[in-house]
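All remarks here apply to the structure that follows.
What you see is a predicted model, and the numbers here were worked out from it, not measured in a lab. The analysis underlying the following values was restricted to heavy atoms, covering all of them including side chains, and did not include hydrogens, waters or symmetry mates.
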Amino acid sequence: QLSGKVFDKPCHNMDKPESKDDYFLATNARGSKMVLASFLAEYDTGANIIMDIFGDAMEQLAGMPTLWFWFTHGAICCYTMHRRNPKQRQYLKMARKCHGKIKFWASKGNPDCQFLAELLRAEACWHSNKINQATLRYHDAIQQAKERHFAHFQALANERLAMMLYESSSSTSSPSSTKSDATTKQQQPSKSSNGNDNSQSKKNDNNSNIGKSNQHYG
């Protein structure tokens, strides 16, 4: 849990910063908390923070390299929250805004945004339930993060891939098991109204016919 004497107390006028220095420190503290929320799977916390600081961060902290990482983690949190709460459209809107910024910076040649853009493409594919495409995107993001020596993003992409495969397999296991049970029931011999198998009834009928034939020829 994101708790402790640092996160539990106001950080240098965090709620209402009065100066640019106050704002810089407060926003960095909240941005750091959002990144930790993403790593620790507290996606609701991360999503709420990025929705709160996105506009001000773009205005006050333009050009800061931390924005790349904040928006990546913010998009991950928001994509996840909207997948879990489809009616909460504000999450999807913010995820696309963050994703769009990363995609734009990557298109302008920022080398540190290339693998981040690939990671968010994987997230978008997962959000759209395109599991095969997402798997390929995640593998590309993992390889690119490895080449850029961003070990924490390499680990994050591996974790997101594993989480996606686990959730997708869990969601399909129940219908398949139900179908298997239905098939098994269809293959079982049906029973007559008195509780005996039809096969047993047929056997009794055959024995009866044999008895009648013996009486005839006797």
Side-chain angles (χ1 to χ4, degrees), residues 1-2 31 33-52 54 68-107 112-187:
Q1 296 292 321
L2 295 176
K33 185 173 182 178
M34 179 195 62
V35 171
L36 287 174
S38 174
F39 279 121
L40 298 177
E42 296 187 16
Y43 302 114
D44 54 340
T45 299
N48 291 330
I49 291 176
I50 191 60
M51 287 192 295
D52 191 36
F54 180 89
W68 314 332
F69 309 122
W70 288 3
F71 290 172
T72 300
H73 285 286
I76 289 173
C77 291
C78 289
Y79 272 133
T80 303
M81 288 304 297
H82 184 258
R83 190 170 63 253
R84 295 177 178 179
N85 305 277
K87 294 183 179 180
Q88 302 293 324
R89 297 285 298 177
Q90 70 272 19
Y91 292 127
L92 180 59
K93 182 179 179 180
M94 180 52 60
R96 288 174 173 171
K97 287 178 70 174
C98 293
H99 190 174
K101 288 297 181 182
I102 297 298
K103 185 177 180 180
F104 174 76
W105 290 328
S107 69
D112 291 334
C113 286
Q114 302 298 325
F115 72 92
L116 298 177
E118 193 65 23
L119 175 58
L120 292 186
R121 290 189 192 102
E123 291 289 325
C125 289
W126 182 10
H127 180 268
S128 301
N129 202 32
K130 299 176 181 178
I131 304 302
N132 292 335
Q133 293 184 33
T135 301
L136 296 176
R137 297 287 192 184
Y138 277 122
H139 281 297
D140 289 343
I142 292 167
Q143 184 60 33
Q144 291 180 30
K146 179 181 178 181
E147 293 173 355
R148 298 291 301 171
H149 304 290
F150 283 92
H152 52 301
F153 275 105
Q154 181 184 353
L156 178 62
N158 270 289
E159 183 178 349
R160 298 295 292 173
L161 171 60
M163 189 180 298
M164 178 194 71
L165 294 176
Y166 175 77
E167 289 187 7
S168 62
S169 63
S170 298
S171 63
T172 56
S173 60
S174 296
S176 61
S177 61
T178 303
K179 183 178 180 180
S180 176
D181 292 342
T183 303
T184 303
K185 289 181 180 179
Q186 290 177 359
Q187 292 176 348

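For Arg148, the side chain to side chain donor-acceptor pair (under 3.5 Å) criterion is met by Asp112, not counting sequence neighbours. The side chain to side chain donor-acceptor pair (under 3.5 Å) search around Asn158 returns none, not counting sequence neighbours.
Not one N or O on the side chain of Ser128 forms a donor-acceptor pair closer than 3.5 Å with the backbone of Cys125. Of the possible donor and acceptor atoms, one in the side chain of Gln114 sits under 3.5 Å from a partner among the backbone N and O of Ala106.
Summarising the geometry, atom NZ belonging to Lys130 is positioned 13.5 Å from atom CE belonging to Met164; distances are rounded to the nearest 0.5 Å. Distance CG/Asp44 to SG/Cys78: 11.0 Å, rounded to 0.5 Å. Note that CD1 of Ile50 and OG1 of Thr45 are 13.5 Å apart. Values are rounded to the nearest 0.5 Å. Here CG of Leu156 is found 4.5 Å from CD1 of Ile76. Values are rounded to the nearest 0.5 Å. The structure places CZ of Phe104 at 13.0 Å from CZ of Phe71, a figure rounded to the nearest 0.5 Å. Distance check: Tyr91 OH to Asn48 CG gives 4.5 Å after rounding to the nearest 0.5 Å.
Applying the side-chain hydrogen bond (donor to acceptor under 3.5 Å, both in side chains) test to pairs two or more places apart or on separate chains, those with a residue in residues 68-77 are Ser38-His73. Screening residues 95-106 for side-chain hydrogen bond (donor to acceptor under 3.5 Å, both in side chains), with sequence neighbours left out, gives Tyr79-His99. Legend: salt bridge (charged side-chain N to carboxylate O under 4.0 Å, His left out) pairs involving residues 69-84, not counting sequence neighbours: none detected.
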For residues 132-142, which side-chain donor-acceptor pairs fall under 3.5 Å, sequence neighbours excluded?
unit_1	atom_1	unit_2	atom_2	d
Thr135	OG1	Ile131	O	2.8
Arg137	NH1	Glu118	OE2	3.2
Tyr138	OH	Glu123	OE2	2.7

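Here the closest heavy-atom approach between residue Met81 and residue Ala47 is recorded as CG-CB, 3.9 Å.
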